[in-house]
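Along the sequence shown, residues are numbered consecutively beginning with 1.
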Amino acid sequence: MIRFENIKKSFGDRTILKGISFEIREGEIVFILGMSGTGKSVSLKNIVGLLKPDSGKIYIDGEEISSYTEEQMFPIRKKCGMVFQHPALFDSMTVFENIAFGLRRLEQLPEEQVKERVQECLRLVNLGNIGDKRPVEISYGMQKRVSLARTLALNPRILLFDEPTTGLDPVTTNAINDLIQDLSRRLKTTSLVVSHDMHCALDIADRIIVLDQGYILEEGTPEELTKSSVPLVKDFLEEALEAKWGRSLM
Ligand SMILES: Nc1ncnc2c1ncn2[C@@H]1O[C@H](COP(=O)(O)OP(=O)(O)OP(=O)(O)O)[C@@H](O)[C@H]1O
Ligand SMILES: [Mg+2]
């Protein structure tokens, strides 16, 4: 479904990705974990063509997209729903208008269907009747859900999450994590989650890829990762354990 083949990416004289290869199969939830600045967001941006690799190949559903033009990328972007780290909602619009915005612009749907779709997406992210509210009137966790609803409205088959739980309190973190799992299963999407939260990854990932210094340091199922002897992976696991205890005390 998504395949990276020896992807390299530099900015000036700094090489961020030094040859990354992985494959994500249809229906999987895969987490990419790594320290800050290891190129996690850069990897996601390569998938939707916001950045191009210097070398290597990226395949989506068997199509090699790394050399695609903007125009050729349109259907790929439609397939891939990106949920950015910050909700980036339009403050001047209501929640309803925020979710309807892309639908009205990209799909020529009659207004009645737009309304139905927005309501459906709000329900999918467990938000009720908040369509009339403005982003400033709802919590940050709710804004993140609205931003997810906005992405879901376009019916993507692949969901790309950039740090979906960073900066959230433990309870909201667990709720968003459960939502990612629930939606992936229910909508049968393939989900790639970029994060540094091993606790979340262990909870819902089918597979975890750990990036470090431009390379893939470790890759495996949560169970395999918990047995890893790689020092950085062990550090992540220790942190996850602390987070788990911290969270269960909340
Ligand atoms: N467009 C760009 N131009 C120049 N440098 C960039 C660009 N995008 C990213 N970088 C650099 O590439 C490195 C990796 O960035 P990236 O955003 O992928 O990190 P990350 O793993 O997502 O980190 P974080 O966990 O903090 O979000 C950083 O040093 C960043 O400054
Ligand atoms: Mg990032």
Side-chain angles (χ1 to χ4, degrees), residues 27 29 31 41 44-45 47-50 60 70-71 73-195 197 200 203-204:
I29 301 177
F31 269 61
S41 298
L44 280 192
K45 285 176 186 163
I47 297 175
V48 288
L50 293 173
I60 294 189
E70 273 295 295
E71 206 162 47
M73 280 307 288
F74 283 155
I76 305 296
R77 293 214 176 107
K78 204 167 161 348
K79 233 183 246 189
C80 302
M82 178 103 147
V83 185
F84 291 94
Q85 179 169 351
H86 301 290
L89 302 171
F90 294 112
D91 285 337
S92 59
M93 294 183 187
T94 62
V95 164
F96 177 90
E97 286 164 345
N98 264 286
I99 300 172
F101 183 77
L103 271 176
R104 288 183 179 139
R105 213 166 55 114
L106 299 173
E107 320 258 339
Q108 268 72 50
L109 289 181
E111 197 51 28
E112 204 46 44
Q113 277 184 37
V114 169
K115 264 191 201 146
E116 262 171 41
R117 185 85 190 118
V118 172
Q119 293 306 339
E120 190 186 339
C121 291
L122 278 172
R123 274 198 302 275
L124 280 175
V125 298
N126 301 329
L127 287 176
N129 275 333
I130 61 154
D132 292 337
K133 298 222 183 298
R134 290 187 190 276
V136 289
E137 296 175 288
I138 59 175
S139 70
Y140 187 68
M142 284 165 103
Q143 288 179 28
K144 289 199 84 132
R145 281 166 195 253
V146 171
S147 135
L148 174 54
R150 179 179 54 182
T151 301
L152 293 175
L154 298 171
N155 238 336
R157 288 184 35 238
I158 299 171
L159 284 171
L160 307 169
F161 293 91
D162 199 350
E163 312 261 5
T165 56
T166 302
L168 295 178
D169 64 80
V171 174
T172 315
T173 293
N174 284 340
I176 295 269
N177 213 38
D178 289 346
L179 192 56
I180 293 173
Q181 184 176 40
D182 180 48
L183 287 173
S184 303
R185 300 286 179 252
R186 266 206 288 170
L187 305 175
K188 297 191 168 47
T189 52
T190 303
S191 298
L192 179 57
V193 185
V194 151
S195 169
D197 194 332
C200 287
D203 244 11
I204 68 163

Can you see which heavy atom on [X] is nearest to which on [Y], and at what distance?
| X | Y | result |
| --- | --- | --- |
| Asn98 | Met93 | ND2-O, 3.4 Å |
| Thr151 | Leu159 | CG2-CD2, 4.1 Å |
| Cys80 | Leu160 | CB-CD1, 4.0 Å |
| Val194 | Pro164 | O-CD, 3.6 Å |
| Met142 | Ile130 | CE-CG2, 4.2 Å |
| Gly81 | Pro156 | N-CB, 3.3 Å |

Within the distance-only criterion (no hydrogens, no angle test), does the side chain of [X] pair as donor or acceptor with the backbone N or O of [Y] below 3.5 angstrom?
| X | Y | result |
| --- | --- | --- |
| Thr189 | Ser191 | no |
| Arg134 | Ser92 | yes |
| Arg104 | Val114 | no |
| Lys144 | Gln85 | yes |
| Asn177 | Cys200 | yes |
| Ser184 | Ile180 | yes |

Legend entry - Step-by-step side-chain contact (heavy atoms from CB on, under 4.5 Å) determination, Asp182 to Asp178: CA-CA 6 Å; Asp182 180 48; Asp178 289 346; 5.8 Å; no
Legend entry - Derivation and outcome, side-chain contact (heavy atoms from CB on, under 4.5 Å), residues Val83 and Asp162: CA-CA 6 Å; Val83 185; Asp162 199 350; over 6 Å; no
Could you tell me if the side chain of [Y] sits less than 4.5 Å from the side chain of [X], heavy atoms only?
| X | Y | answer |
| --- | --- | --- |
| Ile29 | Arg185 | yes |
| Ile158 | Leu192 | no |
| Phe31 | Asp197 | no |

Inset, instruction - Let me see the working for Arg145 and Ile176 under side-chain contact (heavy atoms from CB on, under 4.5 Å), right down to the final yes or no. - result: CA-CA 8 Å; Arg145 281 166 195 253; Ile176 295 269; 4.3 Å; yes
Inset, instruction - May I ask you to check whether over 12 heavy atoms, not counting those of Lys115, lie within 6.0 Å of atom NZ? - result: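 For Lys115, atom NZ is not crowded (no more than 12 foreign heavy atoms under 6.0 Å).
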Legend entry - Over 12 non-hydrogen atoms of neighbours within 6.0 angstrom of CD in Glu71: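 12 or below, so no.
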Legend entry - Salt-bridge contact Glu120-Arg117 (side-chain N to carboxylate O under 4.0 Å):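 Looking at Glu120 and Arg117, the cut-off is met.
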Legend entry - Test: Glu70 and Arg77 ion pair at under 4.0 Å: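 Salt bridge flag = yes for Arg77 with Glu70.
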Inset, instruction - Among Val146, Thr94, Asp91, find the residue that satisfies the side-chain contact (heavy atoms from CB on, under 4.5 Å) test when tested with Pro135. - result: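 Exactly one pass, corresponding to Asp91.
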Inset, instruction - Test Val95 against Leu122 for side-chain contact (heavy atoms from CB on, under 4.5 Å), laying out the working first. - result: CA-CA 9 Å; Val95 164; Leu122 278 172; 4.0 Å; yes
